[in-house]
Asks: 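First the structure, then my questions, so here it is.
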Amino acid sequence: MKINGKPYRSIWREDDGRVMIIDQRWLPHELRIVELKDRKDFADSIFEMWVRGAPLIGATAAYGVAVQMAADPSDASLKETYEVLHATRPTAINLKWALDEMTRVLEPLAPEERAEAAYKRAAEICDEDVETNRMIGVHGLELIREISKKKNGGRVNILTHCNAGWPATVDWGTATSPIYHAVEEGIDVHVYVDETRPRNQGALLTAWELNSAGVSHQLIVDNAGGHLMQHGEVDIVIVGTDRTTARGDVANKIGTYLKALAANANGVPFYVALPSPTIDWTVWDGVKEIPIEERTDEEVTHVQGKGPDGKIVSVQISPDGTGGRNPAFDVTPAELVTGLITERGVVAANAEAMAKAFPEHAKK
Ligand SMILES: CSC[C@H]1O[C@H](OP(=O)(O)O)[C@H](O)[C@@H]1O
């Protein structure tokens, strides 16, 4: 996507070999581009959310393996790197998917061949993510186009939660890709952006990218979505996911489940933009089986923003002595999901439809 007219990906490798990211902790107020130099940088960048979003976490881990292979391509190093990076965040399955993929490619190679092969595969994973998300946009556009036609070209109101946009991926985003494709086609689209406490990925990142792209949008508090749906002001909900099970249960940022309940109660279609590396074919019941990351109290008791002097500050919003509980994700059961927007098309949220769309993964 473009920032001030200049195209960016969220992670890239410079011609001189350095791996660069946009440190998202400072957006939208500061664009800080940093090099990830060693394995610790990569682990810190994922755990501390300099980069975040399931597909981007996977892409970052892939490059983390490559940088480590350049430092030490031994079997022990490859195994330890898998463990170190895998331990950073538990919910997004793309992390394990990318580490498994890098291991699959590198394990059979002689150590001296591993660094070059790792960088090549990491770059492919990034390019594949971009194309996957573009296709999610192409298929999701159909849904928006249908609503627009039903409204005789009237404005299509879309609600999204957290940031499943360009900063959550290498490019395009997943939930935002259909939006960008619809705007490119000239469809009148308006996006209600959930702020998404506690880290406000919606307020800080989704609003920023939509603003940069000139897409009509308004920021809303997390608790306003149900009201807007009750009053017919939301035509479709499109969210991302960090892990979707083989039967279509969807783990996504905390609060997604509540939006799905409200959508279901008000007859609003609830779609999940789902790149296939985010499907965990090994789990069935998302509520029982998907590990939900618990993050720090401070993310709940404090909020970050730009102070009067323009500096980014974190302020305490709750009394001294008040602790917090901070589950970072929840699981929306498949029965609340209208459909899964994948790179291969819109698929019903059930095991049979998913296996048909991705036969290479269907249990034999
Ligand atoms: C396209 S995946 C985006 C997904 O990741 C976010 O979580 P986090 O910001 O904590 O990495 C959120 O669940 C988004 O929907």
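Just follow the structure's listing: the first ligand is 1, and inside any ligand the first atom is 1.
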Asks: Give a yes/no verdict on whether any heavy atom in Gly53 is under 4.0 Å from an atom of ligand 1.
Replies: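 A heavy atom of Gly53 does come that close to ligand 1.
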
Asks: Classify the ring geometry between Tyr63 and Tyr119 as parallel (under 30°), tilted (30 to 60°) or perpendicular (over 60°).
Replies: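 Correct class here is tilted.
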
Asks: Checking side-chain polar atoms at under 3.5 Å, does Gln68 have a donor or acceptor matched by the opposite partner on Ser77?
Replies: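 Ser77 and Gln68 do have a side-chain donor-acceptor pair below 3.5 Å.
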
Asks: One residue to check: Asn163. Relative to ligand 1, which of side chain, backbone, both or neither has a non-hydrogen atom less than 4.0 Å away?
Replies: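 Just the backbone.
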
Asks: Could Arg52 and Phe47 be counted as a cation-pi pair, given that NZ or CZ must be under 6.0 Å from the ring centre and within 45° of the axis?
Replies: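 Negative - Arg52 is either too far from the ring of Phe47 or too far off its axis.
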
Asks: May I ask you to decide whether Arg25 forms a salt bridge with Asp23, counting only side-chain N to carboxylate O separations under 4.0 Å?
Replies: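 Yes, this pair counts.
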
Asks: Report the part of Pro55 in contact with ligand 1, treating N, CA, C, O as backbone and CB onward as side chain, heavy atoms under 4.0 Å; options are side chain, backbone, both, neither.
Replies: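 It is the side chain that gets close, since no backbone atom is under 4.0 Å.
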
Asks: Could you tell me whether ligand 1 has any atom less than 4.0 Å away from a heavy atom of Val239?
Replies: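 No; Val239 lies far enough from ligand 1 that no heavy-atom distance drops under 4.0 Å.
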
Asks: Is the shortest heavy-atom distance from the side chain of Asp171 to the side chain of Asp129 under 4.5 Å?
Replies: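 When only atoms from C-beta onward are counted, Asp129 and Asp171 do not touch, as no gap falls below 4.5 Å.
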
Asks: Mind checking whether Thr241 contacts ligand 1 via backbone (N, CA, C, O), side chain (CB onward), both or neither, at a 4.0 Å heavy-atom cut-off?
Replies: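 Backbone only; the side chain of Thr241 stays clear of ligand 1.
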
Asks: At what distance is the nearest protein heavy atom to atom 12 (C) of ligand 1, and which residue and atom is it?
Replies: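 For this ligand atom, the closest protein heavy atom is Cys162 SG, 3.4 Å.
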
Asks: Identify, by atom number and element, the atoms of ligand 1 in contact range of Arg89, meaning under 4.0 Å from any of its heavy atoms.
Replies: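 In order of numbering, the contacting atoms are 8 (P), 10 (O), 11 (O).
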
Asks: Do any nitrogen or oxygen atoms of Thr169 lie less than 3.5 angstrom from nitrogen or oxygen atoms of ligand 1?
Replies: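 Between Thr169 and ligand 1, no N or O pair is found under 3.5 Å apart.
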
Asks: Do the numbers put Lys259 on top of the ring of Phe270, so that NZ or CZ is under 6.0 Å from the six-membered ring centre and no more than 45° off the axis?
Replies: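 Here Lys259 fails the 6.0 Å and 45° test against Phe270.
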
Asks: Quick one: nearest non-hydrogen protein atom to atom 15 (O) of ligand 1, plus distance?
Replies: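 Answer, as residue, atom name and distance: Asn252 OD1, 2.5 Å.
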
Asks: Show which atoms of ligand 1 fall inside a sub-4.0 Å distance from at least one heavy-atom site of Met49.
Replies: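 Going through ligand 1 atom by atom, the ones under 4.0 Å from Met49 are 9 (O), 10 (O).
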
Asks: Among Glu299, Glu293, Glu48, which one satisfies salt bridge (charged side-chain N to carboxylate O under 4.0 Å, His left out) with Arg199?
Replies: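 Between Arg199 and the candidates, salt bridge (charged side-chain N to carboxylate O under 4.0 Å, His left out) is satisfied uniquely by Glu299.
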
Asks: Does Ile312 form a side-chain contact (heavy atoms from CB on, under 4.5 Å) with Glu30? I'd like the steps, not just the answer.
Replies: CA-CA 9 Å; Ile312 295 172; Glu30 291 178 21; 3.8 Å; yes

Asks: Apply the hydrophobic cluster definition, ILVMFWY joined by side-chain contacts under 4.5 Å directly or through others, and give me every member besides Val315.
Replies: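 In the cluster with Val315 are Val303, Val313, Ile317.
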
Asks: Could you list which atoms of ligand 1 come closer than 4.0 Å to a heavy atom of Ala54?
Replies: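 Reading through ligand 1 atom by atom, the close ones are 2 (S), 5 (O).
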
Asks: Run the numbers for me: atoms of ligand 1, each under 4.0 Å from some heavy atom of Ala168, listed by number.
Replies: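 Per the distance check, 1 (C), 3 (C).
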
Asks: Would you mind listing which atoms of ligand 1 come within a distance below 4.0 Å of any non-hydrogen atom of Gln201?
Replies: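 With Gln201 as reference, the close atoms of ligand 1 come out as 8 (P), 9 (O), 10 (O).
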
Asks: I want to know if ligand 1 touches Thr174 in the polar sense, i.e. an N/O pair below 3.5 angstrom.
Replies: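 Min N/O separation from ligand 1 is not below 3.5 Å for Thr174.
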
Asks: Closest non-hydrogen protein atom to atom 5 (O) of ligand 1, residue and atom name please, with distance?
Replies: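 Heavy-atom neighbour on the protein nearest atom 5 (O) of ligand 1: Asp242 OD2, 3.0 Å.
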
Asks: Just checking, Arg134 and Trp172: is the charged tip under 6.0 Å from the six-membered ring centre and within 45° of the axis?
Replies: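 So Arg134 doesn't make the cation-pi contact.
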
